[in-house]
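To find a chain, count down the sequence lines: A is the first, B the second, and so on, and within it residues start at 1. Heavy-atom basis, side chains included; hydrogens, waters and symmetry copies ignored.
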Amino acid sequence: MRVPVHNSEIADIFNEMADLLEIEGANEFRVRAYRNAARTVSSLPQSIADMVKQGEDLSELPGIGKDLAGKITQIIKKGELPQLEDLRHDMPEELIELTHLAGLGPKRVKVLYQDLGIASLKQLREAAENKKISQMPGFGSRTEEKILEAIERRGAETGESKRLKLSVAEGMALPLVKYLQKSKGVKTVDVAGSYRRKLETVGDLDILAICEKDSSAIDRFVKYEDVAEVVSKGKTRSTVILRSGMQVDLRVIPQVSYGAALHYFTGSKAHTIAIRRIGVEKGLKINEYGVFKGKKRVAGRTEKEVYKKVGLVYIEPELRENRGEIEAAQKKRLPELVTLEDIKGDLHTHTNATEGHDSIEEMANSAVERGYQYIAVTDHSKHLAITKGLDEKRLARQIEEIDRLNKKTEKIVILKGIEVDILEDGSLDLSDAILKRLDLVVGSIHHKFNLSQDKQTDRILRAMSNPYFKILAHPSGRLINEREPYEIDMQQIIKAAKDKGIALELNAQPERLDLTDIYCKMAKDIGVMVAISTDAHSRGNLEFMRYGVYQARKGWLEARDVLNTKTARELKKILARN
DNA sequence: GCCGTTTTCGGCCCGACTGTTTTCAGTCG
């Protein structure tokens with residue numbers, strides 16, 4: 001049997017089709033259709049191969065018509081797309097890579113290929129060094145220099161993903177915002193883009209500044225000490241590269257356009273395009289300066305105004321991915337997203353008994369300071385020897401210690417828990433006799449990541465059938481930009497969780513954020529609770545909760561979908577159920 | 001290539017900056 005085709009593979013094929021068609025000079029709307037379809041497919045919560053198997057009509061999906069539905073079916077059945085093979089045959093592979101160089105797009109790459117026969121980075125560099133490119137019509141010496149610079153920069157890159165984790169981007173954005181706020185004539189500074197949408201990784205920073213006419217913001221921006229290169233600098237817009245390689249755009253916006261600009265630059269692109277399209281239907285033009293009827297600005301001061309003009313209620317930035325939020329807004333059925341204030345406790349933390357830094361009491365005191373009603377101590381089990389994982393005996397002692405501490409204070413409930421290892425055969429690393437004495441058993445995988453999808457899924461399903469199993473921690477095992485998720489059938493696991501009353505963890509460590517937003521939504525739709533947990537290894541780590549909440553909001557979760565928004569009383573009741 | 005209570009043809013989001021021009025195309029977001 002053929003390996004099932006992932007949604008991302010289909011999206012890759014469509015994106016490559018779009019790239020190649022663009023170089024070929026195809027109709028730009030046709031190109032756009034492929035890109036739209038790629039986006040639709042990659043953000044689909046369920047496997048499109050499964051949909052085909054179940055005979056679902058793919059042309060029901062947005063941006064996918066009869067033709068592309070047929071192509072998807074073909075990819076799933078044959079593993080490839082003949083039209084793509086044809087295009088690849090006609091064009092050298094490296095042409096696509098050339099279009100990714102800054103300043104070079106499909107049009108210029110096409111000219112360079114047809115007139116100079118340039119089909120690789122090496123040939124491009126040679127042509128630029130020999131001043132061949134500046135002799136071409138439409139190209140000049142400045143363009144030639146920029147091409148060489150772009151090749152140089154590319155060579156310095158490691159080839160890894162340049163998107164930075166949200167938490168890392170935060171570390172760059174916050175000081176820069178503070179710096180800009182001190183500029184003359186600046187009223188407010190906001191970071192828009194994927195940063196504001198709380199995407200798990202951020203490719204660049206889009207900063208908006210509401211300024212008076214004589215503001216010094218742009219001049220000050222390009223002088224920021226962390227700026228390595230100024231890419232462009234105009235009256236209302238400037239782009240720089242920071243020393244870290246992060247690109248930052250600053251746009252200066254008048255107050256009257258604040259809402260329209262914030263909406264436009266927050267994106268996502270798919271969301272704003274969809275909103276504009278609704279605008280067009282209503283005879284409105286929407287751009288970053290406002291909503292216009294003819295030449296008259298009819299909205300733009302706030303985002304709420306912009307949405308209202310197109311007949312929608314306000315949509316939270318985290319939802320703006322064009323994954324159904326616009327339809328939900330039309331029906332006034334948007335979720336009321338969970339907030340940090342809704343969180344009443346943390347259900348996955350470590351202490352210095354294993355790999356944590358702080359004592360149970362210190363962790364509990366810190367939880368009290370955060371206003372929590374409870375905190376679960378869930379140290380590692382013995383299989384993780386490197387962390388001094390607990391065996392039955394040491395866990396029994398910890399249970400007694402927690403009982404003592406709970407008697408001492410009424411400020412917080414300390415839950416007795418464990419992060420028990422799921423062994424290769426799906427059994428748990430500790431005996432039922434000791435698990436039974438705990439309030440909370442959190443199970444997770446820490447070894448044998450590369451089993452086949454069937455085996456890995458079976459392993460987890462088997463572990464979940466243990467009667468004391470309550471939460472599946474970091475369900476995919478991925479580390480953002482570092483480790484791929486292990487192969488599992490998440491839909492099957494979520495359905496099993498529903499049957500057994502098990503919750504899935506959304507691990508809030510900024511490098512994990514595991515569940516993804518898409519699976520959070522799937523859990524919600526199937527009716528499975530999500531526990532947002534920090535997996536804290538120190539008191540300070542309890543702070544990670546906000547990253548988890550961001551991700552949960554991206555996954556449409558409301559307070560009622562999140563286990564640790566329950567009061568201590570409610571939670572104990574839920575955990576007592578078997 | 002998609003899409004449709006103004007439609008099955010003719011639209012398809014919109015503007016800034018740059019470099020090469022001398023009014024604009026290409027690129028980018």
* **Residue-phosphate contact under 4.0 Å: A:Lys285 side-chain N/O, B:dC13 OP1/OP2** => no
* Options B:dT27, B:dC14, B:dG1, nucleotide nearest the side-chain atoms of A:Arg30 -> B:dG1
* Nucleotide nearest A:Thr236 when distance is taken to its side chain, options B:dT20, B:dT18, B:dA16 -> B:dA16
* Asked: With respect to the side chain of A:Arg108, which nucleotide from B:dG1, B:dT27, B:dA16 is positioned closest?
  -> B:dT27
* Nucleotide nearest A:Asp67 (side chain, heavy atoms from C-beta), chosen from B:dC2, B:dC14, B:dT27 -> B:dC2
* To do: Quickly, which of A:Arg35, A:Lys110, A:Arg108 forms a salt bridge (charged side-chain N to carboxylate O under 4.0 Å, His left out) with A:Glu22? Name it, please.
  => A:Arg35
* Structure fact -> Per atom distances to the A:Ala33 side chain, the nearest of B:dT18, B:dC13, B:dC2 is B:dC2
* **Closest nucleotide among B:dG1, B:dC17, B:dG19 to the A:Ser232 side chain** => B:dC17
* Quick one: look up who B:dT8 pairs with, Watson-Crick or G-U, both distances under 3.5 Å, and put none if it's unpaired. => none
* **Distance between P atoms of B:dC13 and B:dC2 (Å, rounded)** => 15 Å
* For the side chain of A:Leu68, starting at C-beta, report the closest nucleotide among B:dC12, B:dT20, B:dC2. => B:dC2
* Which nucleotide in the set B:dC17, B:dG1, B:dC13 lies at the smallest distance from any side-chain heavy atom of A:Lys71? -> B:dG1
* Given B:dG29, B:dG1, B:dC14, the nucleotide with the shortest approach to the side chain of A:Lys269 -> B:dG29
* **Span that lies between the P atom of B:dG26 and that of B:dT20, in whole angstrom** => 14 Å
* Asked: B:dT21: syn or anti, with syn meaning chi within 90° of zero?
  -> anti
* Distance between the C1' atoms of B:dG11 and B:dT21, in whole angstroms? -> 31 Å
